[in-house]
Amino acid sequence: MAVRFLENKGSGNILEISRARLLELTPNVYPLTWEAILSGNGDSAAILGAGFAEREVFFGFEGVDLTHYQLPTIDCYDIATNPPEKFLALRSHYPNLQLNYFCDRNLAELELTKLYAPNSLRLVSVHGVLDYLQPNAVTTTLLDIVKVQPKAISIRLFLMGNPWSRNFASIEQLAMELNSIEITISGLVESIDFDIFCRTGVVQLNILDKDKIEHNLLPIYGASHVMPDKLVGYFNTQGYQLAATDVYSLSSQDLQGDESENHSNVVFCTILNE
């Protein structure tokens with residue numbers, strides 16, 4: 001199997017996926033993300049919601065002669081209480097790389113502007129984080145990213161049209177999300193300011209605590225879903241342009257276990273360049 005889920009108490013299901021399958025699903029976004037890390041301008045890269053950091057870091061290094069690149073310091077931030085063993089094993093393959101894993105971090109309180117100087121980041125990658133946050137924390141986090149002025153921003157959005165979340169979404173909310181995706185893909189995005197984004201850019205689902213716990217989530221899970229066109233529209237006003245986007249879902253052949261439908265996800269990935 002190319003894909004499997006690993007349990008991480010309280011933080012949903014960590015998806016482990018092969019590089020080949022990832023490229024099938026996201027032929028546009030992840031190659032540009034890897035290019036931003038390898039060849040971008042800036043001394044650092046920050047990955048929020050790192051998991052194993054396989055997708056942003058190790059897959060991008062696979063088959064690459066790193067001696068040809070001046071690599072940044074790569075900082076991974078995650079809610080995990082300890083670095084995953086697999087991450088430590090993979091990092092051992094790159095002894096000369098400055099690769100940090102900061103654990104037990106509340107990403108809503110990270111404050112990138114206190115950690116990095118403006119224009120010092122090649123990339124900020126937001127990897128499946130925003131849906132965990134409350135709507136006000138989503139908007140604050142995105143504002144914080146803009147203030148630190150990374151050269152590239154890669155964002156992975158967990159869509160509420162996935163088989164689990166759609167149980168809690170209204171028909172109107174699902175239609176709004178679908179329309180937002182179509183607008184983004186068609187290139188008809190309207191630029192909006194931060195106030196409009198705060199009012200229209202984030203939808204929150206009403207999910208009972210017991211349902212969250214049954215899905216391996218903590219009761220504080222925010223169930224916040226960002227509308228892709230509003231996200232891109234806001235970043236456009238901040239000097240960023242949409243470079244690529246991918247929308248994908250995992251097929252039944254990808255997933256292991258009898259409850260694969262409950263784990264299946266539908267994801268919108270995008271990368272924006274300054």
Side-chain angles (χ1 to χ4, degrees), residues 3-17 19 22 30 33-34 36-37 42-62 71-117 120-134 136-138 140-145 147-148 150 152-158 212-213 215-224 263 265 267 269:
V3 179
R4 66 192 182 96
F5 287 95
L6 305 173
E7 291 299 310
N8 186 12
K9 184 68 174 176
S11 60
N13 298 290
I14 299 175
L15 177 64
E16 189 177 60
I17 188 170
R19 185 180 192 274
L22 181 66
Y30 274 97
T33 300
W34 300 334
I37 292 176
D43 298 326
S44 302
I47 303 173
L48 315 186
F52 296 143
E54 276 187 304
R55 300 182 208 184
E56 287 87 347
V57 181
F58 300 119
F59 284 171
F61 291 171
E62 193 171 308
L71 296 174
T73 296
I74 301 175
D75 296 327
C76 303
Y77 300 91
D78 202 66
I79 63 174
T81 53
N82 295 291
E85 291 183 8
K86 185 170 184 180
F87 173 86
L88 298 175
L90 289 168
R91 185 172 66 175
S92 68
H93 297 317
Y94 305 99
N96 297 324
L97 177 65
Q98 186 64 40
L99 184 59
N100 304 310
Y101 202 105
F102 298 102
C103 303
D104 201 19
R105 294 298 178 98
N106 183 345
L107 299 177
E109 301 174 355
L110 197 57
E111 295 188 273
L112 293 174
T113 50
K114 293 184 178 180
L115 299 171
Y116 303 98
S120 66
L121 284 160
R122 296 185 184 189
L123 171 76
V124 171
S125 176
V126 185
H127 188 98
V129 169
L130 299 179
D131 58 300
Y132 286 83
L133 307 179
Q134 297 299 319
N136 64 320
V138 171
T140 299
T141 298
L142 294 173
L143 180 61
D144 194 43
I145 291 172
K147 287 181 176 178
V148 83
I153 303 168
S154 179
I155 297 180
R156 174 184 177 273
L157 298 177
F158 184 52
K212 296 177 184 179
I213 293 169
H215 200 65
N216 196 33
L217 294 164
L218 294 173
I220 59 172
Y221 176 74
S224 298
H263 294 311
N265 58 9
V267 179
C269 290

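Source: prediction; values computed, not measured.
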Can you tell me how far the [atom1] atom of [X] sits from the [atom2] atom of [Y], to the nearest 0.5 Å?
| X | Y | atom1 | atom2 | value |
| --- | --- | --- | --- | --- |
| Leu110 | Arg105 | CG | CZ | 7.0 Å |
| His127 | Glu56 | NE2 | CD | 5.5 Å |
| Leu123 | Ile153 | CG | CD1 | 9.0 Å |
| Tyr77 | Leu115 | OH | CG | 4.5 Å |

Shortest non-hydrogen contact between [X] and [Y], atoms and distance:
| X | Y | answer |
| --- | --- | --- |
| Cys76 | Leu99 | SG-CD1, 4.2 Å |
| Ser120 | Ala117 | OG-O, 2.7 Å |
| Val138 | Ser224 | CG2-CB, 3.9 Å |
| Ala152 | Ala36 | CB-CB, 4.1 Å |
| Tyr221 | Lys212 | O-NZ, 2.8 Å |

(request) Verify whether the ring centers belonging to Phe61 and Tyr94 lie closer than 6.0 Å. (result)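 Here the rings of Tyr94 and Phe61 have centres that are less than 6.0 Å from each other.
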(request) Tell me, yes or no, whether the heavy-atom count around Leu97 atom CG, taken from other residues, nucleotides or ligands under 6.0 Å, exceeds 12. (result)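 It does: Leu97 CG has more than 12 such atoms within range.
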Does a donor on one side chain and an acceptor on the other come within less than 3.5 Å for [X] and [Y]?
| X | Y | result |
| --- | --- | --- |
| Asp43 | Tyr116 | no |
| Thr73 | Ser44 | no |
| Asp144 | Thr113 | yes |
| Asn82 | Tyr101 | no |

(message) Going by side chain to side chain contact (heavy atoms under 4.5 Å, CB included), name the residues that satisfy it together with Asp104, two or more places apart in sequence or in a different chain.
(response)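 Asp104: side chain to side chain contact (heavy atoms under 4.5 Å, CB included) contacts with Thr81.
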